[in-house]
Amino acid sequence: MAWAEDPPSRTRHLLRNIEVEPGDTASEIKVYANFLVYRNRAEMEQDFYIGARQDVLRHVDGAWKIARRKVILDQNVLLAKNVSIFF
Amino acid sequence: MGRETNHHAMQRLVDMKNGIVSREIFVNEAIYQQEQEQVFARAWLFIGHESQIPKPGDYFVTCMGEESVILTRDATGVVHAFLNTCRHRGMKVCRYDEGNTAVFTCPYHGWSFSTDGRLVGVPYYKEAYHECLDRSQWGLIEVAQLANYKGSLWATWDKAAPPFLDYLGDMKLYLDVLLDCRDGREGGSEVLGGIQKWYMPCNWKFAAENFIGDAYHNISHRSVDLVGIGPSGRGRRDDERQGTERLAVSIPEGGHGALTPLQTDDLPYIPTYQNTRIVEDYFRHVYEERQQRLGKGARLLGGVGTVFPNMSFLARQPRSIAVWHPRGALQTEAWRWFLVDKDAPQEVKDILRHYYMRYSGPGGLTEQDDMENWNYASAASKGVIARRYPYNYQMGLGYEGMHEAVPGVVTMGISEQNQRGFYQRWAACMDATSWTDLAPSGVGTRSAGL
């Protein structure tokens with residue numbers, strides 16, 4: 001019933017310039033990356049989301065989980081009608 | 001098309017007696033062009049908030065219809081709105097979103113304008129113009145009228161337009177719930193954070209009519225009701241509507257409308273924003289203050305609404321303003337401002353900012369589904385076959401009434417009367433040759449009983 005994703009988007013995530021730093025606690029790391037996310041949806045919907053990700057990853061039960069994610073998009077007026085996907 | 005309109009041409013496309021609206025008004029480029037002249041060049045349009053330009057020299061670049069407009073505070077503190085175009089060759093004199101400046105200098109030939117719009121610099125004035133240019137006649141083009149209503153700024157290009165408060169009419173009461181402090185003091189709001197701006201592939205009227213009072217589109221937002229994005233982590237918003245009548249209110253003589261819960265009695269506070277103690281305490285405190293300050297007037301809780309033509313708001317949760325800028329029959333640029341009481345504690349502002357983002361704008365879990373509907377309703381109405389079949393606005397037709405406590409045409413519960421009032425006014429504007437044709441009919445112009 002989340003109509004923005006019904007039918008769902010087809011997405012491709014391209015990541016570059018990945019930097020990792022120690023986090024604020026021993027179980028956390030900070031990860032910075034640039035992304036290009038392509039979205040195609042329904043018949044001809046096409047969006048490019050380009051920007052930076054600032055993540056805090058936490059090691060929980062043997063796996064890395066996203067504790068926090070800040071996304072900075074390189075568009076002033078967003079040209080996509082919505083942002084209904086994960087970065 | 002200009003003002004050479006075929007009298008009553010639009011009345012044929014907007015048949016409110018039978019609750020029928022032609023799809024042409026949502027997809028037809030010629031009608032869209034006529035709207036720019038007949039609606040947007042005439043109406044009072046929301047252009048910003050005084051808190052965005054607090055100091056002399058501050059500016060915020062806004063829009064009126066399709067056109068870029070500079071909202072600025074001059075060196076003496078007076079607020080102006082100017083068309084963002086050089087008088088010499090038309091270049092935009094300001095290409096930033098906001099800032100502070102002493103002059104706007106055109107990068108093309110260097111004409112410079114002060115923040116009160118005067119042409120103060122002309123390169124080679126002596127050598128090339130031989131000092132013959134009358135600089136007093138070539139300042140920036142200023143709006144015909146500008147109004148500051150409780151910090152919200154409005155402007156019109158039409159000298160003949162009625163004063164803003166007359167234009168607003170009985171809609172004032174519902175707009176006040178948005179603009180007044182949560183504790184009932186008048187005004188006192190500020191813009192929180194930046195302005196969200198995004199493109200939507202739909203006709204601007206879809207958004208305007210949705211916010212004027214579409215209480216019927218619950219299924220659109222079923223997902224957020226299930227997930228729980230409200231201030232206390234449930235539903236879409238914390239439900240303050242126990243013990244209220246849910247009213248659809250149309251102000252047909254202005255084309256405005258709102259949905260609002262109205263308490264039938266003075267009721268104890270219903271807890272909201274329960275995730276954080278300091279924020280919950282704040283909202284409880286301001287609720288009680290508002291009850292004391294406004295008495296019976298506090299029973300009007302406020303909801304969504306649209307001030308004709310393209311300013312929409314949510315008065316309480318999440319408290320915000322949207323403007324639907326037309327960008328072609330099938331394109332709209334949406335701008336969203338968020339409001340907060342200027343003197344609210346920082347903890348409250350932080351919690352509100354998160355809730356506002358969770359709910360509204362292109363990434364908002366509620367609003368992203370609206371865009372999907374408006375997008376494909378527009379797209380599926382373009383074809384020549386689709387255009388033959390009008391939309392249905394018959395819900396509650398003939399059940400419109402009055403309410404002893406509040407002004408306007410009122411229906412209890414779900415109705416499309418507000419949309420009918422909007423399109424009736426839209427058609428009148430499209431057909432009218434002057435403001436004389438648009439004089440208020442006197443319907444519903446009575447003071448509130450609250």
Side-chain angles (χ1 to χ4, degrees), chain A residues 1-15 24 28 30-58 60 65-87, chain B residues 61-63 68 95-98 194-203 206-207 217-229 236 323-325 327 330-336 354 357-380:
Chain A
M1 289 186 179
W3 312 112
E5 283 299 318
D6 181 11
S9 297
R10 289 170 283 270
T11 60
R12 187 70 57 190
H13 291 65
L14 307 178
L15 292 176
D24 293 335
E28 287 182 358
K30 292 176 183 172
V31 183
Y32 304 94
N34 293 338
F35 64 79
L36 190 164
V37 176
Y38 175 75
R39 169 167 86 163
N40 178 264
R41 186 173 172 270
E43 293 166 359
M44 294 171 65
E45 276 184 47
Q46 175 168 269
D47 294 301
F48 294 92
Y49 304 91
I50 299 171
R53 267 182 8 191
Q54 299 176 0
D55 294 344
V56 174
L57 304 186
R58 193 176 296 153
V60 181
K65 308 271 189 185
I66 302 168
R68 186 180 171 84
R69 168 161 292 165
K70 183 173 181 178
V71 170
I72 301 161
L73 293 169
D74 292 339
Q75 265 178 8
N76 186 1
V77 180
L78 187 73
L79 298 176
K81 66 177 173 182
N82 56 24
V83 182
S84 52
I85 56 170
F86 288 107
F87 292 95
Chain B
V61 174
T62 186
C63 281
S68 179
R95 288 146 336 274
Y96 286 88
D97 294 330
E98 57 188 27
I195 315 300
Q196 289 183 333
K197 303 174 181 178
W198 73 103
Y199 260 72
M200 315 190 296
C202 68
N203 187 275
F206 272 106
H217 75 296
N218 257 328
I219 189 173
S220 296
H221 302 307
R222 187 84 181 102
S223 65
V224 281
D225 288 337
L226 292 170
V227 170
I229 63 159
R236 233 176 292 166
V323 175
W324 319 109
H325 299 299
R327 294 288 183 267
L330 296 167
Q331 283 283 348
T332 300
E333 186 175 331
W335 285 20
R336 190 172 277 295
H354 279 106
M357 287 193 297
R358 211 154 64 227
Y359 187 104
S360 295
L365 287 166
T366 305
E367 209 147 38
Q368 58 181 242
D369 292 324
D370 286 319
M371 263 86 75
E372 175 74 0
N373 290 329
W374 305 337
N375 180 172
Y376 287 106
S378 298

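So that the names make sense, note that chain A is the first sequence line, chain B the second, and so on, each numbered from 1. These values consider heavy atoms only, across backbone and side chains, with no hydrogens, waters or symmetry-generated copies.
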Asks: Compute the centroid of each ring, for A:Tyr49 and then for A:Phe87, and state whether the two points are separated by less than 6.0 Å.
Replies: yes
Asks: Within this structure, what is the OG-CD distance for the pair B:Ser223 and A:Glu5, rounded to the nearest 0.5 Å?
Replies: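 Answer for the OG-CD pair, B:Ser223 versus A:Glu5, is 11.0 Å.
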Asks: If you count every heavy atom of other residues, nucleotides or ligands that lies below 6.0 Å from B:His354 atom NE2, does the total exceed 12?
Replies: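 It does not: B:His354 NE2 has 12 such atoms or fewer within range.
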Asks: Do B:Glu333 and B:Trp335 meet the criterion of a side-chain donor-acceptor pair at a distance under 3.5 Å?
Replies: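 Yes, side-chain donor-acceptor contact under 3.5 Å.
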Asks: Should A:Arg53 and A:Tyr32 count as side-chain neighbours, where that means a heavy-atom distance under 4.5 Å?
Replies: no
Asks: Among B:Arg222, B:His221, B:Glu367, B:Met200, which residue has the highest count of heavy-atom pairs closer than 4.5 Å to chain A?
Replies: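 So the answer, after comparing B:Arg222, B:His221, B:Glu367, B:Met200, is B:Arg222.
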Asks: In terms of heavy-atom proximity below 4.5 Å to chain A, should B:Asp370 be classed as side chain, backbone, both, or neither?
Replies: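 No part of B:Asp370 comes within 4.5 Å of chain A.
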Asks: Examine whether an atom of A:Glu45 lies under 4.5 Å from a heavy atom of chain B, and if so say whether it belongs to the side chain, the backbone or both; otherwise answer neither.
Replies: side chain
Asks: Looking at B:Leu365, B:Asn373, B:Ile219, which one has more heavy-atom pairs under 4.5 Å with chain A than the rest?
Replies: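 Most heavy-atom pairs under 4.5 Å with chain A: B:Ile219.
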Asks: Of the backbone (N, CA, C, O) and the side chain (C-beta and beyond), which part of B:Ile195 lies under 4.5 Å from a heavy atom of chain A, both, or neither?
Replies: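 No part of B:Ile195 comes within 4.5 Å of chain A.
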